Structures are given as structure tokens and as C-alpha cells.
2 protein chains.
Amino acid sequence: MSQGNTGVTDEAIHDVACPIREVIDRVGGKWSVQIILATAQGPVRFTDLERRIEGISRRMLTLTLRNLERDGLIVRKVYATVPPKVEYTGTEMSRELHDPLERLADWARRNRGNISAARAEYDQANSRDD
Amino acid sequence: MSQGNTGVTDEAIHDVACPIREVIDRVGGKWSVQIILATAQGPVRFTDLERRIEGISRRMLTLTLRNLERDGLIVRKVYATVPPKVEYTGTEMSRELHDPLERLADWARRNRGNISAARAEYDQANSRDD
DNA sequence: CGGGATCCAAAAGGATACTG
DNA sequence: CAGTATCCTTTTGGATCCCG
């Protein structure tokens, strides 16, 4: 190796980055995480979700639920009653996501200050010149 | 509490989901993670990144680098030489992201099979009817 | 109640030509 | 070499109305 620190890098990057992409592609949507958390401890009805997740539109709730169901992260149970009743429940796989997500949340809480400071600095530095 | 399992839920969801959103908003882009990983162990030049991150366009490389720099996740160092030379290096804050990200990657690797199985099943179940 | 169908706005991303 | 500028396509998300 004559060219400095180009060792593990390229392959290792792909091996880590690629699975991460897969996760983000499924839970990176604007509402996915909230739904995963909301359905974690038991069956929740459609309308309950709509009320509990502030700002979500009917369309996005349906769409996100469908995608999560397709990926096996939640289970949809329909009761043939009238009026209709549908319950959504997070799966085990989905619950196993909580720890990893909590780590991310930790990082975010620890570095909130850092990030907004960095931003302020950057934005100020790039308003003078240009 | 007379109405069943509505305990921690709503506030707790927000307290966890909100920081997670913050992280995803910064590293959820299509190329962010790869750049974070690639710049982790030392200075990398623009063209090196362009070569090592397969499929990235000049535009997106620049854009993503700017955003990461703005958030304090990488540092940009310009050498006033000719031809120009610019190096990008991940910051400590950025390196602290690796562990959380690795957990996510673990989850993805463990559940890859589960997910594609769930998809296959779902897609098949929804091709018959409709 | 729990959606599906439709239409629209905004954001993200890609291709590529040009430049200090 | 390391970008910027411009144009275009795709994706994502929101607003509604309708329907069993």
C-alpha cells in the first residue's frame, strides 16, 4: 500500500451504507417512525392514529400504513362490523427497531446544540461574501 | 387510567420521533451516509469522493457536501494551489454517528429476509384480487 | 369508519455545459 | 480540480371528493 490511508474503506463503506439505505428507504418517510412507535404497544385504530399523529393527512396515513404493512412492520386486522373497524399492530421486527432508533435519537439530543451552532456560523460566514 | 393502554404513549412518541426526524432530515439524503463514512478516517478530495461513490452526480456531491458542512458534520479545507485542491474530513460529531448507524445496519441485515418475504407475500396477495 | 381515486405543489435528484 | 448554473424528471406529500 503506497498511497496512504486507503485500506478498508471502499468495500466497508458499501457494506455499511447499503443496509442503512435499506432502513432509511422504509422508515425515512415523514410519518413512518411515528406510526411505528404508535403501533408498538398494541392494536390502534385508523382514526386513533389520525388523531394522535398531528398534521398527517388521510392519504399519507393510508399510504404509510400500506408500505409498513407490505414490509412486514405492522399487521392490519379488519373486523367485518358496521361501521368497519381496522386495527394496526407493530410486529416483533418493528419493535426491534426501537433500540437502534433510540440510539439515533440520543445522538440527536446530544448534538442539537452543536448542529444549530454550526449552522448559525455557516450561514453567517456565507452571508457576507458570495 | 380507565381507558386501557393509553399511558406513556403520545408524549413519549413525540419525544422519540422528533429527534429521529432531525437525524433523518440531515442524513436521510440519498448520498449523505456514504459521504459521512468516506470522510470518516481522514481528508478526502472532491474527485476522490466522486470516484469512490459510484453513481453520484457532480451536483449532488456538491450539494450534499455543503449540507453536511453546514451542519458541522464535515470540514472543508481549501488549498490555494493551482490546480485547486479541496479536502473534506468528517468531524467528531459525525464519527459519533457510526455506532448508531451500525445498529441500524445490523437490524437491516438481520431482517432482510423477513422483509422481502413479507413483500413477496403482500404483493402476491394483492395481485389476485383488486 | 376506513379508505380509494384524482389532482396539484414542492422537494429531491440527475445530466451536462461552463468556469476560475 | 472543484465546483456553479441551468434544465429536466421523479418522488413525495398535501387537499379533496367520493364510496362501501
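In what follows, chains are A, B, ... by sequence order, proteins preceding strands, each numbered from 1. Here the structure is a predicted model, which is why all the values come from computation and not from measurement.
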Participant: Output the distance between atom NZ (B:K30) and atom CD1 (A:I24), rounded to the nearest 0.5 Å.
Facilitator: 13.0 Å
Participant: Tell me the interatomic distance from A:D25, atom CG, to C:dG13, atom P, rounded to whole angstroms.
Facilitator: 11 Å
Participant: Quick one: does B:W107's side chain have a donor or acceptor within less than 3.5 Å of a partner on A:V23's backbone?
Facilitator: no
Participant: Rounded off to whole Å, could you give me the NZ-to-P distance for the B:K85 and D:dC1 pair?
Facilitator: 13 Å
Participant: Among all residues two or more places apart in sequence or in another chain, which pass the salt bridge (Lys or Arg N to Asp or Glu O under 4.0 Å) test with A:D48?
Facilitator: A:R51
Participant: Kindly write out the residues that satisfy salt bridge (Lys or Arg N to Asp or Glu O under 4.0 Å) with A:R119, not counting sequence neighbours, or none if the list is empty.
Facilitator: B:D71
Participant: Can you tell if the side chain of B:R26 reaches within under 4.5 Å of the side chain of A:I115, non-hydrogen atoms only?
Facilitator: yes
Participant: Quick one: is D:dC1 close enough that its OP1 or OP2 comes under 4.0 Å of any side-chain N or O from B:Y88?
Facilitator: no
Participant: Any chance you could list the contact pattern along nucleotides 13-20 of chain D? Use B for base contacts, S for sugar-phosphate-only contacts and - for none, protein heavy atoms under 4.0 Å, 5' to 3'.
Facilitator: BBB----B
Participant: Please round to the nearest 0.5 Å and tell me the distance separating atom CD1 of B:I36 and atom CD1 of A:I13.
Facilitator: 11.5 Å
Participant: A:L61 has an atom CG; how far is it from atom C1' of C:dA5, in whole Å?
Facilitator: 17 Å
Participant: Could you state the atom-to-atom distance from CG of B:L65 to P of D:dC1 in whole Å?
Facilitator: 16 Å
Participant: Within the structure provided, determine whether B:P19 and A:R112 are in side-chain contact (heavy-atom separation under 4.5 Å).
Facilitator: yes
Participant: Ignoring hydrogens and angles, write down the donor-acceptor pairs under 3.5 Å from the side chains of residues 84-91 of chain A, residues two or more places apart or on other chains.
Facilitator:
from, atom 1, to, atom 2, distance (Å)
A:E87, OE1, A:Y79, OH, 3.0
A:Y88, OH, A:R66, NH1, 3.4
A:Y88, OH, A:R76, NE, 3.2
A:T91, OG1, A:G72, O, 2.9
A:T91, OG1, A:L73, O, 3.3
A:T91, OG1, A:S94, N, 3.3

Participant: Enumerate the residues from residues 66-83 of chain A whose closest heavy atom to DNA chain C is under 4.0 Å, giving them by residue number; use none for an empty result.
Facilitator: A:R66, A:R76, A:P83
Participant: With sequence neighbours excluded, what pairs up with B:D15 under the side-chain contact (heavy atoms from CB on, under 4.5 Å) test?
Facilitator: none
Participant: A:I24 has an atom CD1; how far is it from atom P of C:dG13, in whole Å?
Facilitator: 11 Å
Participant: In whole angstrom, what separates A:R51's CZ from C:dC1's P?
Facilitator: 8 Å
Participant: B:E54 has an atom CD; how far is it from atom C1' of C:dG14, in whole Å?
Facilitator: 16 Å
Participant: Can you tell me the distance, in whole Å, between the CD1 atom of B:I53 and the C1' atom of C:dG14?
Facilitator: 16 Å
Participant: Just checking B:T62: base, sugar-phosphate only, or nothing, at a heavy-atom cut-off of under 4.0 Å?
Facilitator: base
